[in-house]
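Report on one structure; see the data block that follows.
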Amino acid sequence: MAQGSVVEFEEQRGRMFGLAYRMLGSAEEAEDVVQDAYVRWAGADHAAIRAVPAWLAKVVTNLCLNRLASARSRREDYVGPWLPEPVLTSDGALGPLDTAEQRDSVSMALLALLERLTPAERAAFVLREAFGHPHNEIAAILGVSPANARQLYRRATLRIGADRARFDPDPEHWRLLVDRFLRAAGEGDVKGLETMLADDVVTWSDGGGRTTAGRRPVVGRDRVLRLLTGGFAKYLDNVRITPAEVNGAPAIIGRRDGHLVGVMVVEIAGDRITGLHAVLDPEKLRFLDGQLSSRPPHPPAPPLSHRAPPAGS
C-alpha cells in the first residue's frame with residue numbers, strides 16, 4: 001500500500017475509533033473494528049474512493065452493525081447491569097468534548113440508553129448526534145433512503161428521549177463536588193453525603209459476574225446512602241484513589257496493591273450527584289488500564305479508611 005494511503009487512513013483513525021466505540025460501548029471491540037477497517041482499506045481501489053472519511057465511516061458502521069447483532073444476544077444473558085467500557089477522555093481519546101452535547105455523546109448514561117435501540121437506530125443516532133452527518137449521508141452509509149434514515153433517527157430519539165439528561169460540564173465544579181463526596185464517603189459522613197445526593201440518585205455496579213457487584217440498580221437517596229456508608233465504604237479500605245475524566249465526566253479510579261480494581265463515574269446536575277456508574281469487571285477495565293500505564297502517573301490520594309459515622313447520624 002502506498003505511504004499516502006496509510007497516512008490518509010491514520011488521519012481518520014481517531015474518528016473511526018470514536019464512532020465504533022459509541023456504536024459498541026466497548027473500547028477493545030472498537031480497536032478491533034478499526035483494524036478490520038484497515039484490512040478493507042488496504043484491499044480497496046483508492047482511486048475510486050471520492051471521499052475517504054465517508055468511505056471509512058460506512059465501512060466502520062457496517063462492521064459495527066455486524067457485531068451488534070451478536071452483542072445483543074450476549075447482553076441479554078449478562079449478569080447484573082451492563083455498562084460500557086470506561087475510557088479516559090481528558091487526552092482526546094474519543095474526540096473533542098468541549099460542549100455539553102459532545103460530552104453527552106460518550107456519557108455512561110447515554111451509552112447505556114443506546115442499548116434500547118436496534119442496531120440501525122443506534123447507527124443513525126450516533127452518526128447524526130455525535131458526528132453531525134446529514135440524513136442523506138446517513139442514508140448512503142446505511143444503504144437506506146433519506147426518508148428511512150430520518151425515520152430511524154426520529155425513532156431513536158423518541159425511544160431514549162424521556163430518560164435522557166444532560167449534565168454540568170464545568171470541570172472545576174466537578175472536582176470540588178467529587179472531593180467532598182470522597183471525603184464524606186471515606187469518613188462515613190451521612191449528613192454530608194445526604195446534602196450531595198439527588199432524591200432520585202441511582203447507582204449501577206457492573207461486575208459482569210466476575211467480581212462482587214450489585215445485580216440491580218440502587219435507586220433513591222436513602223438506599224444509596226446505606227450503600228455508600230456500608231459496603232462501598234468497606235470496599236474503599238486500602239484502595240488508592242485517583243481522580244480522572246472518564247467518558248467526559250468526573251470519575252474515581254481505584255487501585256489496590258497496584259492493580260486497577262474499579263472505576264466510578266459520577267453524574268452531576270447542578271449541586272447534586274444524580275448517578276454513580278461503577279465498573280468493576282476486570283475485563284472491562286483492561287483498555288483503561290492500558291491508557292493509565294501509557295500516561296505520566298498522577299499522584300494518588302492516600303488510602304481511604306472508613307470510620308464509623310458519628311453517633312446519632
Side-chain angles (χ1 to χ4, degrees), residues 21-30 67-88 106-119 122 159-160 162-165 167 181-182 185 193 197-198 200-237 239 241 244 246-256 259-268 273-289 306:
Y21 175 74
R22 288 167 172 84
M23 285 283 294
L24 301 171
S26 167
E28 291 196 330
E29 283 196 73
R67 286 176 176 259
L68 280 172
S70 60
R72 180 176 292 273
S73 62
R74 291 198 309 270
R75 289 169 190 172
E76 286 176 355
D77 299 324
Y78 198 77
V79 178
W82 178 92
L83 294 176
E85 289 180 13
V87 175
L88 289 175
V106 295
S107 71
M108 286 272 177
L110 181 63
L111 292 175
L113 285 175
L114 294 185
E115 291 294 298
R116 300 177 180 181
L117 307 180
T118 67
R122 186 164 183 159
R159 293 181 70 178
I160 66 173
D163 294 322
R164 190 177 179 189
F167 305 105
F181 168 75
L182 278 174
L193 286 169
L197 299 177
D200 56 353
V201 61
V202 184
T203 297
W204 295 264
S205 300
D206 182 347
R210 299 179 182 88
T211 189
T212 303
R215 297 294 181 92
R216 294 181 178 84
V218 179
V219 183
R221 183 165 54 192
D222 291 343
R223 291 180 177 179
V224 172
L225 272 172
R226 286 196 293 272
L227 174 68
L228 293 175
T229 54
F232 175 71
K234 292 177 182 177
Y235 180 81
L236 287 176
D237 282 348
V239 171
I241 298 297
V246 173
N247 287 70
I252 303 158
I253 293 174
R255 289 185 178 275
R256 183 182 287 119
H259 300 288
L260 181 63
V261 294
V263 177
M264 177 175 281
V265 180
V266 184
E267 289 176 3
I268 295 170
I273 292 172
T274 58
L276 297 166
H277 294 82
V279 180
L280 308 172
D281 182 345
E283 291 193 5
K284 286 191 171 182
L285 297 174
R286 285 194 303 232
F287 183 84
L288 187 140
D289 202 16
H306 175 60

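Counting begins at 1 with the first residue of the sequence. Note that these values count all heavy atoms, side chains included, but never hydrogens, waters or copies made by symmetry.
- A27 and E85 get closest at one heavy-atom pair: N-OE1, 2.9 Å.
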Step-by-step side-chain contact (heavy atoms from CB on, under 4.5 Å) determination, L280 to V261 = CA-CA 6 Å; L280 308 172; V261 294; over 6 Å; no
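- When all heavy atoms are compared, the tightest approach of Y21 to P84 is OH-CB, 3.9 Å.
- Here the closest heavy-atom approach between residue P86 and residue V279 is recorded as CD-CG1, 3.9 Å.
- A salt bridge is absent between E28 and K284; no separation between the charged side-chain nitrogens and carboxylate oxygens falls under 4.0 Å.
- The CG atom of L111 lies 6.5 Å from the CZ atom of R122; values are rounded to the nearest 0.5 Å.
- Looking only at side-chain heavy atoms (C-beta outward), V218 and V202 stay at 4.5 Å or farther from each other.
- The structure places NE2 of H277 at 9.0 Å from OG1 of T203, a figure rounded to the nearest 0.5 Å.
- A donor-acceptor pair is defined here as one N or O able to donate and one able to accept, closer than 3.5 Å; no such pair exists between the side chain of R67 and the backbone of A30.
- L83 has its side chain out of reach of V265: every pair of non-hydrogen atoms, C-beta onward, lies at least 4.5 Å apart.
- Atom CG of D200 sits about 9.5 Å away from atom CZ of R221, to the nearest 0.5 Å.
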Step-by-step side-chain contact (heavy atoms from CB on, under 4.5 Å) determination, L276 to F181 = CA-CA 11 Å; L276 297 166; F181 168 75; 4.2 Å; yes
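- Side-chain atoms of T118 and R159, non-hydrogen and from C-beta on, do get closer than 4.5 Å to each other.
- L114 contributes atom CG, which lies 11.0 Å from atom CG of L24 (distance to the nearest 0.5 angstrom).
- By the 4.5 Å heavy-atom criterion applied to side chains, T274 and V201 are not counted as neighbours.
- Considering CD1 of I160 and CZ of R116, their distance stands at 8.0 Å, rounded to 0.5 Å.
- Shown here for D206 and P81, the closest heavy-atom pair between the two residues is CG-O, 3.4 Å.
- Here CG of L193 is found 10.5 Å from CG of L227. Values are rounded to the nearest 0.5 Å.
- V87 places a side-chain heavy atom less than 4.5 Å from the side chain of N247.
- Side-chain atoms of D281 come within 3.5 Å of backbone N or O of E283 as a donor-acceptor pair.
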